[in-house]
**Q** 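Take this structure, written in structure tokens, and hold onto it; I'll ask about it next.
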Amino acid sequence: MALEQFSQTLSSPRMEYDYDIAIVGGGIVGLTLACALKDSGLRVVLIEAKPHSVAAKKGQAYAVHLLSGWIFDGIGVWDKILPQIATCRQVCLSDADYPDVVEFQLSDLGTEALVYVAEHQALLTPLQDLLQECPNVSYLCPVEVVKTQYEPDGVEIALLIGTKSRTIRTRLLVAADGARSRIRTWAGIKTRGWQYWQSCIVAFVKPEKPHNDTAYERFWPSGPFAILPLPGNRCRIVWTAPHEEAKALVALDDERFLAELNRRYGDQMGQLELEGDRFIFSVQLMQSDHYVVPRLALIGDAAHCCHPVGGQGLNMGIRDAAALAQVLQSAHESGEDIGNLQVLKRYERWRKQENLTILGFTDFLDRIFSNNWLPLVVVRRLGLWMLQRVRPLKIFALKLMTGLGGRPPQLAQRILD
Ligand SMILES: Cc1cc2nc3c(=O)[nH]c(=O)nc-3n(C[C@H](O)[C@H](O)[C@H](O)COP(=O)(O)OP(=O)(O)OC[C@H]3O[C@@H](n4cnc5c(N)ncnc54)[C@H](O)[C@@H]3O)c2cc1C
């Protein structure tokens, strides 16, 4: 249902429930859940505060894991996404300027890619387009959720539509409203974690030589530095450094910034040319104490955040969305109340521990490499040496990094069978 049609129903008589599921947050994670529920028989509403044009312009790019691609394939959007993104055929890991490099190749997994790299819009737009074809999903945008009230059998949600207010009632509320989730805070769910001593600089560059679909992750004592291939021989830089250093780096003029960049990444692709602005992000590790309480489930950054090393955050959120859709659909099919805590706990048991493992892994990587203590330098270089030569270790690390280590959702099953 379009927003105009929805506004016309403002004065229509209230049903017991307006929707079975209300998803707050139309980022990639919220959209993935809404699309994954398209054949569930459940009445779904997706509520996003930012207008379409603003949401699509987010200058972000992501490493997208194989499992996320298979989930998008199961949803039916992968054929629209794939032509617009880069397929990474080689990933190189190295410790600062130590010459021993770990090279992950396609033959290590026997798959068509090791990882994909996608700009925000390349993922967002196909998901938004698919929603327009889902009769059971209403997409309210730009509409802001301003208040929630929990009752034993449902949730009342106060909406702000321009200058008008409206209340809707749902059996289940899903928070996909990002790291600063107000839905999580209003529900009184506490979080644990910390801000890192580092900030992250992101930028797009155009290299002189072809990037050859290769991603590089170089671990410097100041923080990890990644350069990811994009279509059109462009690249995405994700550069972590202590706060003050990061602030000083983004403040440099283009020429000096590029000189610093060249020092960090080496000269594999020749000279780099900057494309557009550079941005700086704070970096945190966060895990919510609960992913579910009666009538509420958290997914994506609303539930957890991690260090950008290894490009895990969005991928975890996509897996949350696929897992929650599966749990809700099967509960609905067996006649259970989808907002009941017993049902929602199945999702929490599935995802919380798996996400915690990834949070621990990214934290471990950042701490062990962002360090110049000699015994640790020796141990990690030995670790990289073994990673390159001991095949089972290499495959294990690759599976962990590409999301293949955990329990796959049924949406990805077509590929896995
Ligand atoms: C520098 C950096 C690099 C990264 N690189 C990668 C990577 O390579 N790979 C990867 O997997 N992850 C990466 N991540 C992590 C990734 O960006 C996040 O995990 C992901 O964007 C979270 O998506 P989300 O949909 O959960 O939240 P968001 O993208 O934050 O979406 C939340 C949405 O909710 C809406 N909203 C909020 N409140 C309300 C409200 N009250 N009413 C209505 N709508 C509301 C917002 O407008 C927003 O659109 C990176 C992060 C950083 C900082």
Side-chain angles (χ1 to χ4, degrees), residues 57-65 69 81-106 108 112-123 198-241 245-246 248-281 308-311 314 369 384 388 398 401-402:
K57 275 195 194 126
K58 192 169 170 182
Q60 184 60 294
Y62 314 96
V64 176
H65 295 168
I81 292 174
L82 192 57
Q84 302 182 58
I85 67 178
T87 300
C88 239
R89 296 187 166 81
Q90 184 170 241
V91 177
C92 298
L93 295 189
S94 56
D95 185 1
D97 40 18
Y98 185 63
D100 220 353
V101 176
V102 182
E103 287 174 1
F104 297 101
Q105 311 280 356
L106 284 183
D108 291 327
E112 75 281 8
L114 287 177
V115 70
Y116 303 93
V117 188
E119 287 181 70
H120 187 73
Q121 189 158 5
L123 299 177
Q198 297 151 318
S199 299
C200 192
I201 304 163
V202 294
F204 290 99
V205 293
K206 199 156 177 59
E208 184 188 5
K209 299 183 196 163
H211 59 43
N212 292 328
D213 302 318
T214 301
Y216 297 90
E217 181 94 63
R218 277 185 107 167
F219 294 98
W220 292 95
S222 54
F225 174 91
I227 189 158
L228 308 169
L230 279 168
N233 203 43
R234 295 159 66 235
C235 291
R236 172 73 162 170
I237 304 289
V238 186
W239 180 356
T240 322
E245 188 183 334
L249 283 166
V250 277
L252 291 175
D253 61 39
D254 285 3
E255 200 182 325
R256 284 161 63 208
F257 181 77
L258 279 170
E260 286 298 323
L261 201 54
N262 276 317
R263 269 189 347 110
R264 292 303 195 288
Y265 101 104
D267 59 0
Q268 299 94 320
M269 288 184 259
Q271 287 300 312
L272 301 178
E273 194 183 306
L274 264 176
E275 272 206 344
D277 293 332
R278 32 204 133 116
F279 296 97
I280 187 163
F281 292 89
V309 62
L314 178 69
F369 282 99
L384 286 183
Q388 175 65 3
L398 202 49
M401 285 191 298
T402 54

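When a residue number appears, it is its place in the shown sequence, counting from 1.
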**Q** Could you work out, with salt bridge (Lys or Arg N to Asp or Glu O under 4.0 Å) as the rule, every residue matching E260, not counting sequence neighbours?
**A**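 If we apply the salt bridge (Lys or Arg N to Asp or Glu O under 4.0 Å) test to E260, skipping adjacent residues, the hits are R263, R264.
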**Q** By side chain to side chain contact (heavy atoms under 4.5 Å, CB included), which residues pair with D213, not counting sequence neighbours?
**A**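 Per chain and number, D213 pairs via side chain to side chain contact (heavy atoms under 4.5 Å, CB included) with R89, H211.
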**Q** State, to 0.1 Å, how close C92 and E103 come at their nearest heavy-atom pair, and which atoms those are.
**A**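 Smallest interatomic distance, heavy atoms only, reads SG-CG, 4.0 Å.
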**Q** What's the shortest heavy-atom distance between A246 and A241, and which atoms?
**A**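 Taking A246 first and A241 second, the nearest heavy atoms are CB-O, 3.9 Å.
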**Q** How would you list, by chain and number, every residue that makes a ring pair (Phe, Tyr, Trp, His ring centres under 6.0 Å) with F257, sequence neighbours excluded?
**A**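 With sequence neighbours excluded, F257 shows a ring pair (Phe, Tyr, Trp, His ring centres under 6.0 Å) to W239, given in chain and number order.
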**Q** Would you call L384 and F369 a side-chain contact if the rule is heavy atoms closer than 4.5 Å?
**A**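 Side chain of L384 against side chain of F369, heavy atoms only: contact under 4.5 Å found.
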**Q** Who passes ring pair (Phe, Tyr, Trp, His ring centres under 6.0 Å) against H120, sequence neighbours left out?
**A**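 Listed in chain order: Y62.
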**Q** Starting at OH of Y216, measure out to CD1 of I237 and round the result to the nearest 0.5 Å.
**A**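 Y216 atom OH to I237 atom CD1 measures 11.5 Å (nearest 0.5 Å).
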**Q** Could you pull out all residues at least two apart from E275 that satisfy side-chain hydrogen bond (donor to acceptor under 3.5 Å, both in side chains)?
**A**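 Here the qualifying residues are R234.
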**Q** Only counting residues at least two apart or in another chain, list the ones meeting side-chain hydrogen bond (donor to acceptor under 3.5 Å, both in side chains) with S199.
**A**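 Expected list: H243.
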**Q** Taking only residues two or more places apart in sequence or in another chain, which ones pass salt bridge (Lys or Arg N to Asp or Glu O under 4.0 Å) with D277?
**A**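 Not a single residue meets the salt bridge (Lys or Arg N to Asp or Glu O under 4.0 Å) criterion with D277.
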**Q** Do V115 and H65 have side-chain heavy atoms sitting under 4.5 Å apart?
**A**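 When only atoms from C-beta onward are counted, H65 and V115 do touch, with a gap below 4.5 Å.
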**Q** Kindly give the heavy-atom pair with the smallest separation between P308 and V238, and that separation in Å.
**A**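 So the minimum-distance heavy-atom pair works out to CB-CG1, 4.3 Å.
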**Q** Who passes salt bridge (Lys or Arg N to Asp or Glu O under 4.0 Å) against R218, sequence neighbours left out?
**A**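 R218 satisfies salt bridge (Lys or Arg N to Asp or Glu O under 4.0 Å) with no residue once adjacent residues are dropped.
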**Q** Is the shortest heavy-atom distance from the side chain of Q60 to the side chain of R236 under 4.5 Å?
**A**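 Of all side-chain heavy-atom pairs linking R236 with Q60, at least one is under 4.5 Å.
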**Q** Give, for atom NZ of K206 and atom CG of N233, the distance between the pair rounded to the nearest 0.5 Å.
**A**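 It comes to 5.0 Å.
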**Q** State which residues pass ring pair (Phe, Tyr, Trp, His ring centres under 6.0 Å) with F104; sequence neighbours excluded, sorted by chain then number.
**A**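 By the ring pair (Phe, Tyr, Trp, His ring centres under 6.0 Å) rule, F104 matches no residue at all.
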**Q** On a heavy-atom basis, which atom in A118 and which in I85 lie closest, and how many Å separate them?
**A**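 Reported closest heavy-atom pair: CB-CG2, 3.3 Å.
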**Q** Do P224 and Q198 touch side chain to side chain, with heavy atoms closer than 4.5 Å?
**A**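 P224 vs Q198: side chains touch.
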**Q** Go through the structure and list residues passing side-chain hydrogen bond (donor to acceptor under 3.5 Å, both in side chains) with D254, not counting sequence neighbours.
**A**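 Scan of D254 (side-chain hydrogen bond (donor to acceptor under 3.5 Å, both in side chains), adjacent residues dropped) gives R278.
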**Q** Determine whether L261 and F225 make a side-chain contact, defined as any pair of heavy atoms from C-beta on separated by less than 4.5 Å.
**A**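 Yes; the side chains approach each other to less than 4.5 Å.
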**Q** List in chain and number order the residues that pass side-chain hydrogen bond (donor to acceptor under 3.5 Å, both in side chains) with N212, two or more places apart in sequence or in another chain; answer none if no residue qualifies.
**A**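 Expected list: none.
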**Q** Indicate yes or no: at least one non-hydrogen side-chain atom of L228 is less than 4.5 angstrom from one of C88.
**A**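 No, their side chains stay 4.5 Å or more apart.
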**Q** Within this structure, what is the CD1-CD1 distance for the pair I201 and I280, rounded to the nearest 0.5 Å?
**A**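 Here the interatomic distance stands at 5.5 Å.
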**Q** Restricting to salt bridge (Lys or Arg N to Asp or Glu O under 4.0 Å), what partner residues turn up for E217, sequence neighbours left out?
**A**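 E217: no salt bridge (Lys or Arg N to Asp or Glu O under 4.0 Å) contacts found.
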**Q** Less than 4.5 Å apart, side chain to side chain, heavy atoms only: is that true for E112 and T87?
**A**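 E112 does not reach T87 side chain to side chain.
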**Q** Are more than 12 heavy atoms from other residues, nucleotides or ligands located less than 6.0 Å from atom CD of E273?
**A**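 Incorrect, the count does not exceed 12.
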**Q** Less than 4.5 Å apart, any side-chain heavy atom of L123 and any of I81?
**A**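 A side-chain contact under 4.5 Å exists here.
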**Q** Please answer whether the main-chain N or O of V101 pairs with a side-chain N or O of S94 as donor and acceptor at a distance below 3.5 Å.
**A**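 No, the answer is negative, given that no donor and acceptor are paired below the 3.5 Å cut-off.
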**Q** For Q105, is there any backbone N or O sitting under 3.5 Å from a side-chain donor or acceptor partner on D108?
**A**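 Here the side-chain-to-backbone pair exists.
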**Q** If you round to the nearest 0.5 Å, how far is CG of L274 from CG of L258?
**A**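 Going from CG on L258 over to CG on L274, the span is 4.0 Å.
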**Q** Looking at CH2 of W220 and CG of D95, how far apart are the two atoms once the value is rounded to the nearest 0.5 Å?
**A**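 It is 9.0 Å, given to the nearest 0.5 Å.
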**Q** Go through M269 and I227 one step at a time and tell me if the side-chain contact (heavy atoms from CB on, under 4.5 Å) criterion holds.
**A** CA-CA 11 Å; M269 288 184 259; I227 189 158; 4.0 Å; yes
**Q** So does G59 get a backbone contact from the side chain of E119, meaning a donor-acceptor N/O pair under 3.5 Å?
**A**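 No; zero donor-acceptor contacts below 3.5 Å.
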